[in-house]
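Side chains are part of it too, since the values below use all heavy atoms of this structure and drop only hydrogens, waters and symmetry mates. Numbers for residues simply follow the sequence, beginning at 1. When a ligand or atom number is given, it counts from 1 through the structure's own listing order.
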Amino acid sequence: MPDLMDGVANFRRDVFPGKAGLFARLATHHRPATLFIGCSDARVVPELITQSEPGELFVIRTAGNLVPAHGPAPDGVAASIEYAVAVLGVTGIVVCGHSGCGAMTALAEGHDLSAAPQVAAWLRGAHAAPSRTAPAGSGPAAVAALVRANVSAQLRNLAGHPSVARALAARQLTLHGWVFDIATGTVERLEASDPAGA
Ligand SMILES: [Zn+2]
């Protein structure tokens, strides 16, 4: 593993001094306006692609940017969503899929995930509903279609979380679907839908 402490030293020396005032304020204030739900993929860096400063994005990253449907069992993703919406009062949520997503490729192409049973279960669960609506098949076009369908499905799951549903009903929150293309650095905004009514 590279020595990440080298990066920490560079941050302290070259970056932190210029943002010392910001960090001093953030030390006692946490009021992000946006919850960003993206894939854990190392190539999709929310703060970089949105050029956001520390304190601006509350971030959840999961394999395949999946949002579990609301349920009674304790769930770290659900807890983070609830905290962002009900406690921090974010006014927007972005669910961001991306090109070349390993999770969506595995789903689209039916990869053997027997060596990764937790991944298989995560993708197989109700969270992965898009597989019902996306065209079957392999190859880049099928994966790209599934990436889009997956973002829409996760927005529907998101809307079913009680804190999100309440904020949507009160018109205090908007939901957005994005797809980030790694090769070009572009973001496609998916058509606004009505996840609350889906
Ligand atoms: Zn991914």
Partners passing ring-ring contact (aromatic ring centres under 6.0 Å, His included) against His29 (at least two apart in sequence or in another chain): none

Does atom CZ of Arg13 have more than 12 heavy-atom neighbours from other groups under 6.0 Å away? yes

Indicate every side-chain donor-acceptor pair of residues 85-108 with a distance under 3.5 Å to a residue at least two apart or in another chain.
residue	atom	partner	partner atom	Å
Thr91	OG1	Ala33	O	3.4
Ser99	OG	Ile182	N	2.9
Thr105	OG1	Cys101	O	2.7

With sequence neighbours left out, which residue pairs that include part of residues 170-189 fulfil the ring-ring contact (aromatic ring centres under 6.0 Å, His included) condition? none

Protein N/O/S atoms under 2.8 Å of the Zn ion (ligand 1)? Cys39 SG, His98 NE2, Cys101 SG

Please lay out, stage by stage, how Val179 and Arg148 fare under the test side chain to side chain contact (heavy atoms under 4.5 Å, CB included). CA-CA 7 Å; Val179 175; Arg148 281 163 181 72; 4.0 Å; yes

Phe23 side chain near Phe16 side chain, heavy-atom distance below 4.5 Å: yes

